[in-house]
Asks: 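First the structure, then my questions, so here it is.
A quick note: this is a predicted structure, and the numbers were derived from the prediction, not measured. Here is how names work: the chains are called A, B, and so on, in the same order as the sequence lines, proteins then strands, and each is numbered from 1.
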Amino acid sequence: MSDPTADKAGEPAAPGADFIREAVASDLASGRYDYVRTRLPPEPNGWMHIGHAKAFSIDYYVAKDFGGTCNLRFDDTNPEKEDMSYVEAIMRDSRWLGLDCGDRTFFASDYYEKLYELAVKLIKKGVAYVDDLSAEEMSEYRGTAVPDKNNITITPPGRNSPWRDRSAEENLDLFERMRKGEFPDGAKTLRAKIDMAHPNLVMRDPPMYRIRREPHYRTGEAWCIYPMYDFQHPLSDAIEGVTHSLCSMEYEIHRPLYEWFIREAEVFPSRQIEFSRLNITHTVLSKRWLLQIVNEGLVSGWDDPRMPTIAGLRRRGYTPEAIRDFIGRIGIAKTTSMVDIQLLEHCLREDLNKRARRVMAVLRPLKLIIENWPAGKVEMLEAVNNPEDPAAGTRRIPFSGELYIERDDFQEVPPPKYFRLFPGNSVRLRYGYIVTCTGFDKDPATGEIGSVRCSYDPATRGGDAPDNRKVKGTIHWVSTAQAVSLEARLYEHLFSSERPMEVAPGGSFLDSLDRGSLERVEGAFGEPSLADSREGDRFQFERLGYFCVDPDAKPGRLVFNRSVSLRDSWAKIEKKQA
RNA sequence: UGGGACGUCGGCAAGCGGCUAAGCCUCCGGAUUUUGGUUCCGGUAUUCGCAGGUUCGAAUCCUGCCGUCCCAACCA
């Protein structure tokens, strides 16, 4: 936090740094607009994920870069899926990320009356009509894409609805009665009258309003007709004076329609610009799929630390700075891309390396007994809190003749290049003493190592060897008598497949969901300073990774999430040897 | 014989007719190191989907092919 550049992370260098900023700069230069306003347009039907964070960041920082403003506007026009809890979650998460629109928070549902009036205007102009076709009929009349034998899609021209040429008066009357609730759900729609033979499917008289008797989370039962996205979005943008309506590539095909509504409704001409959405390896960024994972109980909730949601990342231990840095690094383009999740992890490590306090904890304890240690003696040793930040100071940790070390740090028969503890070998106990392994106990039945014995060199207090002898390995430890017990939760990627969205024919994206992606390690121990840590506190467990205190932690019951492991070059050596 | 877009290193991504094609992640070496962490050095595209063309000169312009993605919701 002390790094002044940290808050700039995620903000691309300068106006013109990407094609969107170039376009905005050029619009300002040409006089097309004399100010800049963007908007974050979430639909409150799911929690915000990192893909939204990318999109929101673009909206937010483009506006900021040009001295403009950014509105948060909930596109809440589908009462069946939306909920206030989602609004609250999205607001909390965007604020946490630093994308704070303050009092510029709006709802499309607040524009229903205004949108209705604009629809009436289009009816009066003769460019919108009430249609009696059913959904199925409409689909058929539109002449939608059909796969042919070569799997190529062909689209015959659509046919006009028999109701297409109703008079403006009749349409007006019908539309008014739709609003009054005189017709059952789905019986009629209001459609834009454009061109049923248009090569672009979305231009074939798209629906503007549907009848749906479903209480809306904000407007209650005030309305039984709801506007569709294509109609609502450009006009909501216009109502707010949005200059640049930035969205993802799948809306590109909708741009002619976006412009058509603006032109016909004669409202403020916002400009839509598209960019490609984010994809990340080993996860999915589709609200539908994330919802399914949550609903089926495959994770603990939207904020499960394995989820790519902002709440999940936060609980996992991600910092807003790391997420913003990541977003800044992936760039903005129009190509379909798949970003390596390792980049996200790298951004977290880089951030936490600078700020996380170091601490020692042993996840899989193995008892180490120092045979020549004076019985009952406890020494306090000084340890550095953060070698990257001298201001973090030092702390004192207890050392004794009985310690826990990591099971991995002892091998009865060392593999090649292994330089930790094995019979006869010396190792440094971090901030402690240099010890030499003198033996070990093994359960003859199971072959499990029960404890390891060693002798220490009193001249090496603190870990320095006065005789300059070389001790290659340094391992972490915790004194058994003073250790605090803790639970560590280790996470793997939610999906074992690099591209879970590429589902095999007849399969499901859930096929590659890793059911073992959460591992609870219950019998772990940490140094005593961990005892008074609080929810959200972040640490580096030396040699293991970055951990943070999970909300499940209670007084006297420590629970840590591993946010990300440290880079592990030994694992690579091992892998190569295998 | 529909429409729209995109194709530069394993992954992102600069490049906008003229220095030996930025940078980051990954990967591979090596140095430093009381975290096999960090940091630091070095290496990894004679080549820009392919084929032609224009030009003194092209990843950048033109033409044609090839490939990938999106569009069949009264969802957004």
Asks: Using atom C1' in both nucleotides, what's the gap between B:rA58 and B:rG4 to the nearest angstrom?
Replies: 27 Å
Asks: Evaluate the side chain to side chain donor-acceptor pair (under 3.5 Å) criterion for residues A:Asp205 and A:Tyr141: first the C-alpha distance (whole Å), next the side-chain angles of each, then the deciding distance (0.1 Å), finally the verdict.
Replies: CA-CA 10 Å; A:Asp205 290 13; A:Tyr141 273 67; over 6 Å; no
Asks: How far does the C1' atom of B:rC6 sit from the matching atom of B:rC25, given to the nearest Å?
Replies: 23 Å
Asks: Kindly say if A:Arg357 contacts the phosphate of B:rU35, meaning a side-chain N or O under 4.0 Å from OP1 or OP2.
Replies: no
Asks: Under 6.0 Å between the ring centres of A:Tyr433 and A:Phe399?
Replies: yes
Asks: Tell me which nucleotide among B:rU38, B:rC6, B:rU35 gets nearest to the side chain of A:Asn353.
Replies: B:rU38
Asks: Please classify the nucleic acid contact of A:Asp568 as base, sugar-phosphate, or nothing, using heavy-atom distances under 4.0 Å.
Replies: nothing
Asks: Starting at NZ of A:Lys472 and ending at C1' of B:rU35, how long is that distance when rounded to a whole Å?
Replies: 14 Å
Asks: Return the pairing partner of B:rA59 with a 3.5 Å limit on both distances, Watson-Crick or G-U wobble; otherwise return none.
Replies: none
Asks: Which base, if any, makes a Watson-Crick or G-U wobble pair with B:rC27, both distances under 3.5 Å?
Replies: B:rG43
Asks: Mind checking whether A:Tyr251 and A:His233 have ring centres under 6.0 Å apart?
Replies: no
Asks: Base, sugar-phosphate, or nothing for A:Arg420, non-hydrogen atoms under 4.0 angstrom?
Replies: base
Asks: Quick one: which of A:Glu274, A:Arg39, A:Glu240 gives a side-chain hydrogen bond (donor to acceptor under 3.5 Å, both in side chains) with A:Ser245?
Replies: A:Arg39
Asks: Give A:Ala333 one of three labels, base, sugar-phosphate or nothing, depending on what nucleic acid heavy atoms sit under 4.0 Å from its own.
Replies: sugar-phosphate
Asks: Classify the nucleic acid contact of A:Tyr418 as base, sugar-phosphate or nothing, counting any heavy atom under 4.0 Å across all strands shown.
Replies: base
Asks: What is the base-pairing partner of B:rC74, counting Watson-Crick and G-U wobble geometry with both distances under 3.5 Å?
Replies: none
Asks: Can you find a donor-acceptor N/O pair under 3.5 angstrom joining the side chain of A:Glu388 to the base of B:rU39?
Replies: no
Asks: Assuming nearest nucleotide by heavy-atom distance, tell me which of A:Ser276 and A:Leu343 is located more 5' along RNA chain B.
Replies: A:Ser276
Asks: Is there a donor and acceptor pair closer than 3.5 Å between the side chain of A:Glu274 and the base of B:rG4?
Replies: no
Asks: Starting at CD1 of A:Ile327 and ending at C1' of B:rA13, how long is that distance when rounded to a whole Å?
Replies: 16 Å
Asks: Mark yes or no for whether A:Thr281, through its side chain, and A:Asp340, through its backbone, hold a donor-acceptor pair below 3.5 Å.
Replies: no
Asks: When all nucleic acid strands are considered with a 4.0 Å heavy-atom cut-off, which category describes A:Ser337: base, sugar-phosphate, or nothing?
Replies: sugar-phosphate
Asks: What is the distance from CG of A:Leu544 to P of B:rU35, rounded to the nearest Å?
Replies: 14 Å
Asks: Considering every strand and a 4.0 Å limit on heavy-atom distances, what is the contact class for A:Thr281: base, sugar-phosphate, or nothing?
Replies: nothing
Asks: How are the rings of A:His216 and A:Tyr112 set relative to one another: parallel (under 30°), tilted (30 to 60°) or perpendicular (over 60°)?
Replies: perpendicular
Asks: Within the structure shown, what part of the strands sits under 4.0 Å from A:Met203 by heavy-atom distance: base, sugar-phosphate, or nothing?
Replies: nothing
Asks: Does B:rC69 have a Watson-Crick or wobble partner in any strand here, with both distances under 3.5 angstrom, and which is it?
Replies: B:rG4
Asks: So A:Pro256, base contact, sugar-phosphate only, or nothing? Heavy-atom distance under 4.0 Å.
Replies: nothing
Asks: Between the base of B:rU38 and the side chain of A:Arg349, is there a donor and acceptor pair under 3.5 angstrom?
Replies: no
Asks: To the nearest Å, how far apart are A:Trp570 CH2 and B:rG37 P?
Replies: 12 Å
Asks: Tell me what A:Lys417 touches on the nucleic acid: a base, only sugar-phosphate, or nothing, going by heavy atoms under 4.0 Å.
Replies: base
Asks: Under 3.5 Å, is there any donor-acceptor pair linking the side chain of A:Glu22 to the base of B:rC16?
Replies: yes
Asks: In the structure shown, which nucleotide is the Watson-Crick or G-U wobble counterpart of B:rA13, with both distances under 3.5 Å?
Replies: none
Asks: Would you mind classifying the nucleic acid contact of A:Leu429 as base, sugar-phosphate or nothing, using non-hydrogen atoms under 4.0 angstrom?
Replies: nothing
Asks: Students often get this wrong, so: under 4.0 angstrom with heavy atoms, is A:His254 touching a base, only sugar-phosphate, or nothing?
Replies: base
Asks: Using a 4.0 Å heavy-atom cut-off, does A:Ile253 contact any base of the nucleic acid, only the sugar-phosphate backbone, or nothing at all?
Replies: base
Asks: Under a 3.5 Å limit for both distances, which nucleotide forms a Watson-Crick or G-U wobble pair with B:rU54, could you say?
Replies: none
Asks: Taking the nucleotide of RNA chain B with the nearest heavy atom to each, does A:Arg567 or A:Glu252 sit closer to the 5' end?
Replies: A:Glu252
Asks: Mind telling me whether A:His493 and A:His282 have parallel, tilted or perpendicular rings, with 30° and 60° as the class edges?
Replies: parallel
Asks: Using side-chain heavy atoms (C-beta onward) and a distance below 4.5 Å, is A:Phe541 in contact with A:Val359?
Replies: yes
Asks: At 4.0 Å (heavy atoms only), tell me whether A:Tyr209 reaches a base, stays on the sugar-phosphate, or touches nothing.
Replies: nothing
Asks: What are the residues of residues 40-50 of chain A, sorted by number, that bring a heavy atom to within less than 4.0 Å of RNA chain B?
Replies: A:Glu43
Asks: What is the separation between atom CG on A:Asp409 and atom C1' on B:rG37, rounded to the nearest whole Å?
Replies: 14 Å
Asks: With a 4.0 Å cut-off on heavy atoms, is A:Arg358 in touch with a base, just the backbone sugar-phosphate, or nothing at all?
Replies: base
Asks: Before we go on, tell me: are the rings of A:Phe539 and A:Phe547 under 6.0 Å apart, centre to centre?
Replies: no
Asks: Would the distance check show the side chain of A:Asp83 and the main-chain N or O of A:Tyr217 forming a donor-acceptor pair, the cut-off being under 3.5 Å?
Replies: no
